[in-house]
Amino acid sequence: MQSEINPIQMNLESILTTSVFEAVKTLYSVDTEINQIQIQKTKKEFEGDLTVVVFPFVKAARKSPEQTGQEIGEYLVQNNPVISAFNVIKGFLNLNISKKYWLETLSEIHEDASFGIQNPADDAKLMMIEYSSPNTNKPLHLGHIRNNLLGHSIAEIQKANGWKVVKTNIVNDRGIHICKSMLAWKLFGNGETPESSGLKGDHLVGKYYVIFDKHYKAEIQELISKGATEEEAKKSAPLILEAQKMLLAWENNDAEVRQLWEMMNSWVYAGFDKTYEQMGVSFDKIYYESETYLEGKSEVERGEALKAFYRRDDGSVWADLTGDGLDEKLLLRADGTSVYMTQDIGTAKLRYNDYPINKMVYVVGNEQNYHFQVLAILLDKLGFEWGKNLVHFSYGMVELPEGKMKSREGTVVDADDLMQEMIDTARETSEELGKLDNCTPEEIQSIALMVGLGALKYFILKVDPRKSMTFNPKESIDFNGNTGPFIQYTHARIKSVLRKATAQGIDFSSMISTNLEISDKETNLIQLITQFPATVREAGEEFSPALIANYTYELVKEYNQFYHDFSILKEDNQALIQFRLILSESVASVVKSAMLLLGIDVPERM
RNA sequence: GGUCCUGUAGUUCAAUGGAUAGAACAAGUGUUUCCUAAACACUAGAUCCGGGUUCGAUUCCCGGCGGGACUACCA
């Protein structure tokens with residue numbers, strides 16, 4: 001599956017590897033292990049395109065690294081027509097690849113409409129990717145943004161690597177949290193609705209979650225002042241008792257509670273839909289906890305019958321995981337209501353019933369590492385052979401300079417607000433620079449959307465997903481430098497040149513000549529382009545959109561230098577003009593594909 | 001206490017065990033009769049500490065120190 005993904009780049013590397021293998025065998029009479037042959041891109045400050053590390057061969061050669069490199073280099077130049085020259089510095093053998101090879105390669109890439117992107121075959125394996133997974137008691141915030149962008153991007157990347165992908169979302173629509181919002185609304189809401197308040201539905205419900213917490217805290221304080229311990233107070237405050245009662249009523253299908261629940265959830269979904277739409281994410285299949293938790297409950301009961309789990313005197317059900325080096329885990333509360341883990345068991349089972357899943361991936365923050373460790377063990381204990389194969393794609397938290405975001409302390413960065421802020425800034429910048437003076441209001445809006453969201457998405461996705469990242473709300477996200485807009489700008493610039501070329505009647509549909517003297521900057525650009533397929537593959541294996549982001553940045557940075565130092569349309573040599581147009585168009589095309597893998601659109605002008 | 005993650009310029013991020021540790025932002029300085037200056041160029045600035053493995057360690061191992069997460073009848 002892999003070697004077919006990118007014949008172009010794979011060819012060069014495997015050709016060179018083979019040549020080096022032969023060289024070492026011929027010169028020193030030893031068979032080298034293939035993974036000992038390390039070929040890397042030559043560093044900028046040295047002459048050459050690709051570099052062979054010679055240290056692994058010096059033992060066999062019984063010569064100095066320099067001399068070994070020299071001998072291998074001579075062999076390669078004589079025996080491989082693709083290699084035009086070499087030089088040795090310390091233990092590094094730098095190879096020049098012939099210009100003709102690069103030009104032919106560019107020509108091939110230019111013909112390939114889906115360069116670097118593999119379309120899933122009919123019999124491709126199926127990967128289900130869960131992401132987003134919101135609670136219905138509060139609006140989405142910056143942490144969800146990272147989750148959603150990662151989920152969406154990883155789905156795109158896996159598709160580009162030939163997987164069939166089902167994007168799924170488990171909505172945590174039931175439980176004690178939503179009862180808190182419901183109760184607060186009932187007590188303090190005076191019938192407020194999204195329509196009456198003008199508030200987006202998810203924000204309205206979130207408001208009552210906060211109101212609940214405020215009153216709950218006050219009750220706790222009062223109880224403490226009357227001599228209760230904090231723990232006692234938390235458990236016995238009237239509001240929390242009331243919320244628990246409501247949860248029980250909900251699980252018992254109480255008509256009034258269910259009606260309230262449905263109404264408030266419908267507000268939330270309308271709000272979420274807007275947020276998702278603006279963010280550009282979507283799902284193929286949505287599961288609701290309210291529809292899966294009963295399956296989870298019956299699985300827990302089955303587990304109890306299997307003696308995998310046990311029931312305590314108070315009626316609560318537990319799994320003893322001390323044998324696995326973990327603690328005991330609650331699966332059903334004493335009052336019979338279910339917890340997060342219960343429904344996750346049910347959801348997993350239903351998914352495997354619904355789809356022929358080859359790989360199940362959960363995009364969930366690293367704060368839940370323990371949860372997924374436990375989930376895998378529990379499913380295994382229940383006899384599901386796939387239980388241990390679940391992949392928890394564990395990404396780092398988004399932190400503020402002061403530390404973790406806390407909804408109760410009002411330090412969360414709201415997703416809707418942040419996106420709007422980015423879009424507004426993009427529009428203002430465009431206006432200041434006078435870039436879009438000839439555009440219609442609709443075009444201006446569409447570009448502001450692309451650029452503002454591009455800045456946000458790139459900012460999030462360029463960071464290694466496993467690492468936690470810092471977001472400083474006081475410093476707005478940049479539009480210059482290593483940013484989404486910089487990449488988008490490069491694309492727009494190229495498109496502008498291509499439009500001019502077309503207007504002048506220049507044909508650059510295919511390459512006239514591969515016998516051209518091209519500069520090092522240009523060969524380097526071609527070489528960077530050839531690395532795109534390998535980057536997509538690596539991003540898929542590593543589950544890392546950041547690799548795509550960093551690759552694209554390197555490519556456009558290089559292109560901007562080229563753009564600055566060379567002229568395209570004002571060149572005298574027609575063949576060179578055509579070559580540079582093809583080069584530019586290929587860069588634009590890779591940039592567009594790469595950004596699409598990140599869920600970022602690129603504009604034709606900006 | 002236990003388990004896990006993490007520590008790179010002032011800041012935000014890079015670097016399959018390979019060359020002189022790369023960028024960007026912020027600071028300072030240049031480039032526009034020339035295809036989009038949201039650009040390009042230049043200057044200054046960093047691997048937490050101590051051992052080990054290796055021809056070679058930011059990377060792997062051990063021990064410190066610092067930061068974080070989890071360890072709920074929350075999700």
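Remark: ring of A:Tyr563 does not overlap the six-membered base ring of B:A39 in a stacked fashion, as centroids less than 5.5 Å apart with planes less than 30° apart are not both met. Judged by centroid separation below 5.5 Å and plane tilt below 30°, A:Phe55 stacks onto the base of B:G18. Aromatic stacking of A:Phe486 on B:A39: not satisfied for centres closer than 5.5 Å together with planes under 30 degrees.
Contacts of A:Thr470 with the nucleic acid, taken as non-hydrogen atoms under 4.0 Å apart, involve only primed sugar atoms and P, OP1 or OP2. Nucleic acid contact for A:Gln38: base, since at least one base atom lies under 4.0 Å from a heavy atom of the residue. Note on A:Tyr489: a base of the nucleic acid sits closer than 4.0 angstrom, heavy atoms only. Residue contacts for A:Val463: at a heavy-atom cut-off of 4.0 Å it reaches the sugar-phosphate backbone alone, with no base atom in range. Within the 4.0 angstrom heavy-atom criterion, no nucleotide atom of any strand lies near A:Thr490. Residue contacts shown for A:Ala501 are absent, as no nucleic acid heavy atom lies under 4.0 Å away. Nucleic acid contact for A:Lys404: sugar-phosphate only, since backbone atoms but no base atoms lie under 4.0 Å from a heavy atom of the residue. Using a 4.0 Å heavy-atom criterion, one finds that A:Phe46 contacts the bases of the nucleic acid, with or without backbone contacts as well. Within 4.0 Å (heavy atoms only), A:Arg466 reaches no atom of the nucleic acid at all.
Not a single donor-acceptor pair, N or O on each side, falls under 3.5 Å between the base of B:A41 and the side chain of A:Asp565.
The distance between the ring centers of A:Phe57 and A:Tyr28 does not fall below 6.0 angstrom. Here the two rings, on A:Phe212 and A:Tyr209, have centers that are 6.0 Å apart or farther. Ring-centre distance between A:Phe479 and A:Phe486: not below the 6.0 Å cut-off. Residues A:Tyr553 and A:Tyr458 place their aromatic rings such that the two centres sit no closer than 6.0 Å. For A:Trp261 and A:Tyr288, the ring centers are positioned 6.0 Å apart or more.
For A:Lys329 and B:U71, the shortest distance from a side-chain N or O to OP1 or OP2 is not below 4.0 Å. An OP1 or OP2 oxygen of B:C40 is reached within less than 4.0 angstrom by no side-chain nitrogen or oxygen of A:Arg493. At B:C73, none of the side-chain N or O atoms of A:Ser316 fall inside 4.0 Å of OP1 or OP2 (strictly under the cut-off). Side-chain nitrogen and oxygen atoms of A:Lys90 include none within less than 4.0 Å of the OP1 or OP2 phosphate oxygen of B:G56. Checking the phosphate oxygens (OP1, OP2) of B:C4, no side-chain nitrogen or oxygen of A:Gln373 falls inside 4.0 Å. Proximity of A:Lys43 to the phosphate of B:A19: a side-chain N or O atom is located under 4.0 Å from OP1 or OP2. A close approach under 4.0 Å does occur between a side-chain nitrogen or oxygen of A:Asn480 and OP1 or OP2 of B:A39. Remark: A:Arg580 is not in phosphate contact with B:C35, judged by side-chain N or O atoms under 4.0 Å from OP1 or OP2.
At whole-Å resolution of the value, CG in A:Asn472 and P in B:G10 are 18 Å apart.
Pair assignment for B:A39 gives B:U31, based on Watson-Crick or G-U wobble hydrogen-bonding distances that are each under 3.5 Å.
Salt-bridge formation is detected for the pair A:Arg174/A:Glu251: a Lys NZ or Arg NE/NH1/NH2 atom is positioned less than 4.0 Å from an Asp or Glu carboxylate oxygen. By the 4.0 Å N-to-carboxylate-O rule, A:Glu66 lies too far from A:Lys90 to be salt-bridged with it.
Each of B:C70, B:U16, B:A75 was ranked by its minimum atom distance to the side chain of A:Ile176; first place goes to B:A75. Closest to the side chain of A:Glu45, from the set B:U36, B:U16, B:U20, is B:U20. The A:Tyr340 side chain lies nearest to B:A75 when the options are B:A75, B:U36, B:G18.
Between A:Lys467 and A:Met397, the residue anchored nearer the 5' end of RNA chain B, judged by the nucleotide with its closest heavy atom, is A:Lys467. Take the nearest nucleotide of RNA chain B for A:Asp327 and for A:Asn369: the residue whose nucleotide is more 5' is A:Asn369.
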